[in-house]
There are 2 protein chains.
Amino acid sequence: MTTQEKIAALRTFMNTHQIDAWIVPSADPHQSEYMADHWKIRAWLSGFTGSAGTLVVTPDRAGLWTDSRYFLQAEQELADSGIDLFKLKMPGVPDHIQWLAALLPQGARLGFDGNVVSVAQVQKLRNALQTLRVQFFYQQDLAAELWTERPAIPAEPVFLLDDRFCGESRVSKFSRVRAQLVQEKATAHLISPLDEIAWLLNLRGRDIDYNPVTISYAYISEQEVRLFIDPHKVNGDVRKVLEADGVILVPYHDLFSFLEQLPPESTVLLDPHKTTQIVSDIVASRATVRGGENLVFSMKAIKNPVELEGLRQAHVRDGVAMVKWLYWLDQQIGNRDLTEVTVVAPLEAFRRQGKYFQGLSFHTIAGYQANGAICHYAAKPETALSIKPEGLLLVDSGAQYADGTTDITRTLALAPPTEQQRRDFTLVLKGHIALATAKFPRGTSGAQLDTIARLVLWQQGLNYGHGTGHGIGHFLSVHEGPQSLRPESMVALEPGMVCSNEPGLYREGEYGIRIENLIITIPAEKTAFGTFYQFETVTLCPMDLDLVEPALFTNEERDWLNAYHRTVFEKLVSGLNTEEAAWLRHETREI
Amino acid sequence: MTTQEKIAALRTFMNTHQIDAWIVPSADPHQSEYMADHWKIRAWLSGFTGSAGTLVVTPDRAGLWTDSRYFLQAEQELADSGIDLFKLKMPGVPDHIQWLAALLPQGARLGFDGNVVSVAQVQKLRNALQTLRVQFFYQQDLAAELWTERPAIPAEPVFLLDDRFCGESRVSKFSRVRAQLVQEKATAHLISPLDEIAWLLNLRGRDIDYNPVTISYAYISEQEVRLFIDPHKVNGDVRKVLEADGVILVPYHDLFSFLEQLPPESTVLLDPHKTTQIVSDIVASRATVRGGENLVFSMKAIKNPVELEGLRQAHVRDGVAMVKWLYWLDQQIGNRDLTEVTVVAPLEAFRRQGKYFQGLSFHTIAGYQANGAICHYAAKPETALSIKPEGLLLVDSGAQYADGTTDITRTLALAPPTEQQRRDFTLVLKGHIALATAKFPRGTSGAQLDTIARLVLWQQGLNYGHGTGHGIGHFLSVHEGPQSLRPESMVALEPGMVCSNEPGLYREGEYGIRIENLIITIPAEKTAFGTFYQFETVTLCPMDLDLVEPALFTNEERDWLNAYHRTVFEKLVSGLNTEEAAWLRHETREI
C-alpha cells in the first residue's frame, strides 16, 4: 500500500465512524522515549520514519508535525504523499492542536488511540478545544486496524539483575513504595513506564533497542505485587525468584480484565503523564483514581552506594575502551579509508571486551566537520562523510554495563585546529569545568545550575540549543528524570542523582563541539549558610589538548584539567597495552 | 477592647452564623503589598502589627501564622492573647490551610472576607479542603463588623503625571490595552491593583505610604474607560483632563452596582491572582469571566525611553543626596550621638532637596552591626542601637521622584574592617559585578540570572536567603513584577525592564552586607547564536573601598569598579560642594 492508499483507507474508516479528525502520535502504552516497531503506527501510515512526529488526518487534509531535527528527512519522505509538513516552532506555524482548533467545527468528533495517549495529553486537548465542545473517540484505533502486517510486540526473554549490582532487593523497594502509598493515602499504584518497572523489580529485558527493559505493567498494593508480562519471556528460574519475592505473574494482555475487577474501595495512584487514557478510564470506572507522580520515578533517580560504585567501575572499563579506540583512530587517520559510520565500529568492539558489557546505550553519533553541528545527526552508510586528517570529529556514545550506563562525548581535532576552533573548544571546556567544580546549596534547581555552564559562552555572544545535562539510569535508559540541567527544570538536585555535563557549541556549516562527562551529586559541606552539594565526575577519558588554549584558562581551570587527566591516566593505565599507555601518557600531559 | 474580648466577640458572631472557622488574612480588595489602615483587620483583631500574617479563629482555638521576620515581634504582641503563634516554614509547623484540613469536620463552614481574598486564594483553599466538602461563607465580613472605630478609606487628592515623565499618553495606553483585549477575545477588563491603574491613567495619589497610588478600580472596554474613585479626591482640573481623554469617573463604591449591570454578552478579563472572589462572582453572575494575567502588568514592566531617561536623571539626584549624606556621616561619626534612627534622618532631608522629589519609596532600613543581619529590620527610636566608630552599617533606602523610583543599599565600615568583613564584602561585590556585567540570550529567566550573583558565594559555602533582585516601578511601587531575579522566577528579562541587583551576606549576631544598584535590561548584540541582552547600571554611589580586598578581584572586576567609580564622580560632582566633591574624589579613587 502507498501512503496515499493508507490515508484513503483511514478516511473511509473515519467516514464510517463519523470522525472529523484522527490524530496519530508517536507513542506507546508505556509513554516510552524509544518504542518497539509494533507501536510505530505514525511511521507506517505516513511514511515519515523520524522518531518524533504527529500525524493528523481530516476528510480533506493531512498534516505531519515534526521538529527541526527532521525537517529535511520529513520533506523527502512525505513527497507525493499528500501530507503537508508543519515545521514545529517555526514562526507562524501552528502546532497540531492550534491547527485543529482553527479547523474543526463545533461539536466535532476527534479520534485517536486512547491506549497510547496519556491522560495529561487528553486533558491538554480537552482544554484547547473546550469552546468547540469536541467529542473524543478513542476506544478504537482505526489507524492500526488497517495495519495488516503489523509487527508483533517484542517478546525477548527477561533476566534478573543481581542485588550486587542493584544494591537493594526488590522486596525492600516494594516496602518503600508501600510506605509512600500510605502517605499518599492510596491503596495501590499502577506503573506503566518500562524503566520504572525494571528498576522496581530488579528485572531487565531486551524488547527495546538500547533500553534494557521489558514490555510490561506493574501493580503494587498493600497486599500484592503483580507483573503483567508475556509469560513466554519469563523462564522457570526467573519466575521462581520473582514468585519467592511475592510477585504474581499475569499475562500482559490481562491488565484490563484485572483492572475491571479492582475492589471498589481501592484508591489507585496513577501518574497522568505516564498512564494512558484508557487505563485511567478503566480504573476510574471501578475504583478511585488518585493523580500524582509515579512513586518510583524519584526513588530511581537517587542512586544507592552500590549503584554509584558500579557506575564508577563501569566508567573505568568504558574509559579503557574509549582510549583504545582513540589510540586506534590516531594510528588510522590518514592511513586508511574511514567514514562517519566505519570510524566508530571499532569503538563498540572495544567496549564489548569490557566486563559486564550489555550493549550500547544509544546509537553512536559521529558527526564530522559540518555534520558535527547537527545536534541529533545519525550517519547512514550511503551518505556518511569520509574522514580525512583535517577538521573536527564529534563522537557521542555510550554503553550499558550490568553495573552502570555510560554516555560520553569527545570532540577531536584530526589536524592542527584553527584559532577559532581552539577558542571555541576552550570556552566550552571552561563551561564544563565551571559546572564540574560548582558548589551549590540544597534546593538548587537544574534551571539555576544550567546557567553555570553557559555563562562563559554567553559573555562572548555564544550559546547552545540544548540542555546542559540530563539524568541517566542505572543499567537503564540513557535519559531519565525527574532531574535535568535545563533552563526550564525546577527539580532540585539531590545527592545520588547522576546527570550528564555536556555544554557545546555548534557553528552551522562548519563544525560542532560538545564535551560530555557524567557527574554524581554528592555532599560538599554544611556551613552556617546551609547544606552544600557538589559534583563528582565519573567519566574517564582525555580531552583533546590540541584544542585547548591555555591562555584562556584561569589557574583553577588549568589545575582542574591537569588533575582530571592525572586521574584518567591512573585509573585507565592498567587496562591498556604498552603503546596505548604511552599514548595516553602523552594525551594526559600536564599543561 | 482587649484582643481576648475581640476574639470572643468574633466567636459569638461565628456561632450565630454557624461558622466553624474564620480566616483573617493580610489583604485588601486590590491585593496590595502595602495596605491602608482601613484594611488592617488582622492587626486590629489579633494585636500583631507585622505586615504579613494570617489569623484563624475557631470556636476553641485561635492561631496566627507569620514568617521568620516577625517571630520575635509576634511572640511579644500575642502574649496573653490566647492566640497560638505558628512559625511558617519551621520544621513540622503546618501552614494555616494544612492546620484547617486537619482540624475541620466534614462539611464544615469556613468564613472569610470575599472582598479581600483573591480568586486564586479561594481556589487554593477549595483544592486543599476538597475532600472535606467544606462550605465557604464569604459574603459578609464578621471580623470587620466588630471594628467600630475602623479608620476610613484614605481620600488623598490625586494628581496627573505629565507625559514628559510618562513618555506615553493615557489614550495611547488605552488603545494598546484594547488591541490586546481583542487578541484575548475579551470585550472588557477590570483592573484592581492600584499601581496598574496609576500606570494606565498616568495618575498618582497619596493614599498609601511610600506608594504613590490612589484607591480605585479601572474598567476598560472597547467603548469606555471607567475609573471608580472617591469623587472628592479628583479636583476639577484633573477631572477635566481625564474626561477629555474619555475617562468616565464613577464613585468607588458604585463598582458592584456597575458590574451587576454589565451587558450579558460581555467577556471580562479578570486576573485570578489580583481580583477578589466577590468581584469575580458578580461578573460571573452577569457576564463571562475570562481568566488571565492583567494586561497592564507586563506592559508596565517594559519602561519606555522617556521613563528610562527619567530613571537615569533621578539617579543623579539620588546619588548626590546619598553622597552628601555619606560625607555628613563621615564627619559626624564619633563626634556626636547617633542611633540607627537618627543617622538616616538627614538622608531624607538631602533627598528632599532634589528636583521632582515626592517622598521615600520605602521605610529606610539602617541595620547596625548584628541588626544588619536581620533582613527586614526596622529600627524603632526606643530600641535603636547607638552608632559608634566601629563595625558595619547597612543602609537600604530609596525615594520617589516624578521621573523615577530609586532603591539603593550600601554597606559601610565605620572603622577599619576585619579581614573577614573585607573578604565577605568583596565576595558579595564580585557577585554584584558578575550580574552587572552579564550578557545573556533572549528568553533567559530570572531563575537563571539569579545564579550569576550567587555562584562566587556558593563556592565558599556562603549564600543569602533572599532573591537577587526585584522589579521596580516608574514613580510607583518599589516592588513590581512580573520579572524578578529569584530562583523560582521563570519570567524572561526583556529590554526596558528595571530590576535591583542586590546580593548580600548575613552573619547572624555579627553583621549584614548588601550591595544594591538598579539595572536596566538593554540590548547587547545579535550573533549567529541569537539576540543577547545585558544590564545598564543606573544607581550612582560609591562602594566603600575600605571593605574591598583587591587581591580577590580579577582584572575585569577591578576595571569594572574603577570605571563605575569614575562614572559616579563625573555624574555627581556638579551637585556637590567643594568639600563633598573632594571627599567623593577620594572615595572613588582608582584601586
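Chain A is the first sequence line, chain B the second, and so forth, proteins listed ahead of strands; every chain is numbered from 1. Just so we're clear, the structure is a prediction, and the values are computed from it rather than from any experiment.
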Region of A:E508 in contact with chain B, defined by heavy-atom distances below 4.5 Å: neither
task: Of all the heavy-atom pairs spanning B:P487 and A:Q448, show the shortest one and how long it is.
output: CB-NE2, 3.4 Å
- prompt: Do you know which two heavy atoms are closest between B:E488 and A:M490, and how far apart they sit?
  reply: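 Heavy atoms of B:E488 and A:M490 come nearest at CA-CE, 3.5 Å.
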Contacting region of [X] [heavy-atom separation from chain A under 4.5 Å]:
| X | answer |
| --- | --- |
| B:A528 | neither |
| B:T444 | side chain |
| B:Q534 | neither |
| B:Y464 | neither |
| B:L457 | neither |
| B:F532 | side chain |

- line: The single option from A:L455, A:T451, A:D450 that satisfies side chain to side chain contact (heavy atoms under 4.5 Å, CB included) with B:T451 is A:T451
Counting only heavy atoms not in [X], do more than 12 fall under 6.0 Å of its [atom1]?
| X | atom1 | value |
| --- | --- | --- |
| B:E536 | CD | yes |
| B:Q98 | CD | yes |
| A:E419 | CD | no |

message: Below 4.5 Å, heavy-atom pairs only: which of B:A434, B:A447, B:P441 has the largest tally toward chain A?
response: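 Of B:A434, B:A447, B:P441, B:P441 has the most heavy-atom pairs under 4.5 Å with chain A.
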field: Gap between atom CG of A:L462 and atom NZ of B:K439 - 0.5 Å precision
entry: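 With rounding to 0.5 Å, NZ (B:K439) is 8.5 Å from CG (A:L462).
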Check: A:T437 main-chain N/O paired with B:Q459 side-chain donor or acceptor under 3.5 Å: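 Yes, because the side chain of B:Q459 sits within donor-acceptor range (under 3.5 Å) of the backbone of A:T437.
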field: Any A:F529 side-chain heavy atom under 4.5 Å of B:R507 side chain
entry: yes
